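Reckoned from all heavy atoms, side chains included, excluding hydrogens, waters and symmetry mates. Lettering of chains follows the sequences in order, A, B, ..., and the numbering in each one begins at 1. Computed from a predicted structure; not experimentally measured.
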Protein chains: 2
Amino acid sequence: MVYRRTHQVVKRLAARRSAILSAARDAAAAGGMAAVQIAPVAVRANVAAGTVYRYFPSKAELISELITEVSRDELTAIRRAADAAPGPSSALAAAVTTIAVHVLSQRKLAWGILAEPVDVDVTASRLASRRDISGELAMRIDAAVRAGHLPAQDTALAATALLGALHEALVGPLAPANLDDPIKLRDAVQTVTLLALRAVGVMDARARGLVVQATTPAKALVGA
Amino acid sequence: MVYRRTHQVVKRLAARRSAILSAARDAAAAGGMAAVQIAPVAVRANVAAGTVYRYFPSKAELISELITEVSRDELTAIRRAADAAPGPSSALAAAVTTIAVHVLSQRKLAWGILAEPVDVDVTASRLASRRDISGELAMRIDAAVRAGHLPAQDTALAATALLGALHEALVGPLAPANLDDPIKLRDAVQTVTLLALRAVGVMDARARGLVVQATTPAKALVGA
DNA sequence: ATTCAGTCTGAATAGTTGTTCACTTCTTCA
DNA sequence: TGAAGAAGTGAACAACTATTCAGACTGAAT
């Protein structure tokens with residue numbers, strides 16, 4: 001007698017897996033990584049604690065997958081925004097703005113993915129996440145350099161520094177309060193974008209123009 | 001019968017306290033905050049675990065004080081370097097370089113103080129540490145702005161962004177490897193300093209000059 | 001020398017959560 | 001419908017460390 005999974009069962013299993021992952025994501029978005037505990041996540045996903053382990057070998061694995069997923073979404077958004085820009089400098093500006101807006105609209109999640117203390121080892125997936133996004137930024141910077149818009153530089157280091165600046169300024173503990181106010185939020189995004197562009201060598205006047213340009217399509221997301 | 005602490009005893013108590021704090025600092029410098037555990041720290045300080053609690057009410061308090069101490073040293077170094085500079089722009093460059101050099105020469109410690117996951121709540125002292133150093137940077141930026149060397153800007157946000165950039169680029173998981181090589185280390189310091197200065201609006205050409213100037217007195221520390 | 005407050009010790013305790021597993025429930029197929 | 005394998009359950013377990021505390025020790029005062 002051979003037991004074979006029905007299509008229906010396969011679908012249900014997949015749905016459960018994704019429900020657990022979603023529950024974890026919701027928990028992280030609401031309360032940071034600290035809130036991603038097996039028991040609460042299981043409750044949110046309408047399963048028992050033990051069931052989580054039928055889908056993920058460990059909490060570390062669950063969180064790693066969560067990080068990977070969020071990171072992938074982020075990368076997609078960055079690429080889309082940058083690719084839609086008319087030139088390398090605009091693309092860079094768009095990439096930076098996209099990161100800023102995303103990070104701000106999901107502050108707790110971003111902080112959790114990036115830097116929040118977690119009790120299990122997720123350094124590998126965090127590293128991958130950073131590497132991917134930093135790499136994308138580096139490529140955009142490089143394109144602008146090759147186009148002659150920016151001075152030659154260590155693009156990898158520059159990209160990493162930009163990421164750090166964005167995160168610390170927007171979701172770190174010193175991030176300005178009241179970023180729920182759409183106006184302040186937009187200002188913050190523009191300020192850090194300007195800072196980032198100047199950092200890699202865009203002239204001040206030109207940078208200001210790029211910032212305004214890049215903020216326009218992002219308005220919907222920012223809500224202002 | 002009145003028991004009164006002899007001067008000798010007072011001194012011994014103070015010495016013990018500082019030995020415990022030093023042990024914690026050594027542990028953090030060697031293995032990050034994860035290595036700051038009560039039992040090992042007690043061993044390093046040549047006391048029993050329980051004794052630690054006669055000097056610090058909790059691990060959180062111990063680590064908080066450690067953070068405060070390191071942060072104070074850091075701030076002192078920044079001020080000294082900046083005050084010795086000939087003008088506001090040089091002072092800013094000196095401050096940035098100092099942070100970079102310090103952070104690099106004590107990478108594990110810096111990471112532990114700033115961002116490493118800890119199992120107890122030390123957000124308050126970390127926040128204070130960041131606020132102090134970011135505040136100092138903001139003052140230096142502001143001075144340069146008032147001197148007409150930089151465009152007007154949100155100096156607090158800029159300072160925070162710079163801090164983030166420095167840390168992520170130099171001690172974050174994407175920091176370049178082989179920073180033990182003095183040459184590479186110096187290059188990294190110069191690169192991020194240049195990036196930081198341009199970010200706040202220093203013109204590229206001028207920024208390069210300032211970087212070289214600021215790196216010179218730091219050479220001893222960098223060891224190159 | 002004796003007393004005793006103050007100090008130190010370190011084994012035992014306690015609280016927190018990830019993980020397991022014996023058992024129940026569900027699903028497939030003859 | 002019943003047998004057997006797969007999936008789900010949740011209470012019990014395990015591991016890790018901060019913290020405690022009853023008793024040992026130190027050294028100041030008489």
Side-chain angles (χ1 to χ4, degrees), chain A residues 1-21 23-24 27-28 31-66 112 116-123 125, chain B residues 1-21 23-24 27-28 31-66 112 116-122:
Chain A
M1 187 187 299
V2 193
Y3 177 99
R4 220 176 328 176
R5 282 180 180 167
T6 299
H7 176 60
Q8 202 183 9
V9 172
V10 171
K11 253 179 45 184
R12 195 196 60 198
L13 292 183
R16 276 234 153 127
R17 188 171 212 283
S18 120
I20 293 170
L21 213 44
M33 281 300 177
V36 183
Q37 292 174 4
I38 300 297
V41 164
V43 170
R44 247 180 220 261
N46 273 91
V47 297
T51 304
V52 173
Y53 286 86
R54 297 195 133 284
Y55 292 89
F56 300 91
S58 68
K59 182 184 171 179
E61 199 65 29
L62 170 62
I63 292 189
S64 289
E65 201 153 322
L66 170 60
E116 189 188 345
V118 192
D119 54 2
V120 293
D121 184 37
V122 292
T123 44
S125 50
Chain B
M1 188 189 297
V2 192
Y3 178 99
R4 220 175 329 174
R5 283 180 180 168
T6 298
H7 177 61
Q8 201 182 11
V9 173
V10 171
K11 252 177 47 182
R12 196 197 60 200
L13 292 183
R16 275 233 154 125
R17 187 172 211 283
S18 120
I20 293 171
L21 213 44
M33 281 300 176
V36 183
Q37 290 173 6
I38 299 297
V41 164
V43 170
R44 248 182 218 259
N46 272 90
V47 297
T51 304
V52 173
Y53 285 87
R54 297 193 69 71
Y55 292 89
F56 300 91
S58 69
K59 182 183 170 181
E61 198 66 29
L62 171 61
I63 293 190
S64 289
E65 200 154 322
L66 170 59
E116 188 188 343
V118 192
D119 54 0
V120 293
D121 184 38
V122 293

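- When each of dT7(C), dT28(C), dT17(C) is scored by its nearest atom to the side-chain atoms of Leu13(B), the top-ranked nucleotide is dT7(C).
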Polar pairs (N or O, both sides) under 3.5 Å between protein and nucleotides 9-11 of chain D?
{"residue": "dT9(D)", "atom": "OP2", "partner": "Ala48(A)", "partner atom": "N", "Å": "2.8"}
{"residue": "dT9(D)", "atom": "OP2", "partner": "Thr51(A)", "partner atom": "OG1", "Å": "2.5"}
{"residue": "dG10(D)", "atom": "N7", "partner": "Gly50(A)", "partner atom": "N", "Å": "3.3"}

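- The side-chain contact (heavy atoms from CB on, under 4.5 Å) search around Ala23(A) returns Val41(A), Arg44(A), Ala45(A), not counting sequence neighbours.
- Partners of Asp121(A) under the side-chain hydrogen bond (donor to acceptor under 3.5 Å, both in side chains) rule, at least two apart in sequence or in another chain, are Thr123(A).
- Nearest-nucleotide mapping onto DNA chain D: of Gln8(B) and Tyr53(B), the residue sitting toward the 5' end is Tyr53(B).
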Cut-off 3.5 Å, no hydrogens considered: what does the side-chain donor-acceptor table look like for residues 11-18 of chain B, sequence neighbours left out?
{"residue": "Arg17(B)", "atom": "NH1", "partner": "Glu65(B)", "partner atom": "OE2", "Å": "2.5"}
{"residue": "Arg17(B)", "atom": "NH2", "partner": "Glu65(B)", "partner atom": "OE1", "Å": "3.4"}
{"residue": "Arg17(B)", "atom": "NH2", "partner": "Glu65(B)", "partner atom": "OE2", "Å": "3.4"}

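- The interatomic distance linking His7(A) (NE2) with dT28(C) (C1') rounds to 16 Å, in whole Å.
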Quick one: side chains of residues 51-64 of chain A, donor-acceptor pairs under 3.5 Å with protein atoms, not counting sequence neighbours, listed by atom name and distance.
{"residue": "Ser58(A)", "atom": "OG", "partner": "Ala60(A)", "partner atom": "N", "Å": "3.4"}
{"residue": "Ser58(A)", "atom": "OG", "partner": "Glu61(A)", "partner atom": "N", "Å": "3.2"}
{"residue": "Lys59(A)", "atom": "NZ", "partner": "Val36(A)", "partner atom": "O", "Å": "3.3"}
{"residue": "Lys59(A)", "atom": "NZ", "partner": "Asp119(A)", "partner atom": "OD1", "Å": "3.0"}
{"residue": "Lys59(A)", "atom": "NZ", "partner": "Asp119(A)", "partner atom": "OD2", "Å": "3.3"}
{"residue": "Ser64(A)", "atom": "OG", "partner": "Ala60(A)", "partner atom": "O", "Å": "2.9"}
{"residue": "Ser64(A)", "atom": "OG", "partner": "Ser125(A)", "partner atom": "OG", "Å": "3.3"}

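- Of the residues in residues 34-41 of chain A, not one places a heavy atom less than 4.0 Å from an atom of DNA chain D.
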Between the protein and nucleotides 22-24 of chain D, which nitrogen or oxygen pairs come in under 3.5 angstrom?
none

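- Dashed line: the shortest gap from a side-chain N or O of Tyr55(B) to OP1 or OP2 of dT7(C) is not under 4.0 Å.
- Of all heavy-atom pairs spanning Leu66(A) and Ala28(A), the tightest one is CD2-CB, 4.2 Å.
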Identify all pairs in which a protein N or O lies below 3.5 Å from an N or O of nucleotides 12-14 of chain C, and state each distance.
none

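- Per the geometry, CG belonging to Asp119(A) stands 13 Å off C1' belonging to dT19(C), to the nearest Å.
- Near DNA chain C, meaning a heavy atom under 4.0 Å away, the residues from residues 57-64 of chain A are Ser58(A), Lys59(A).
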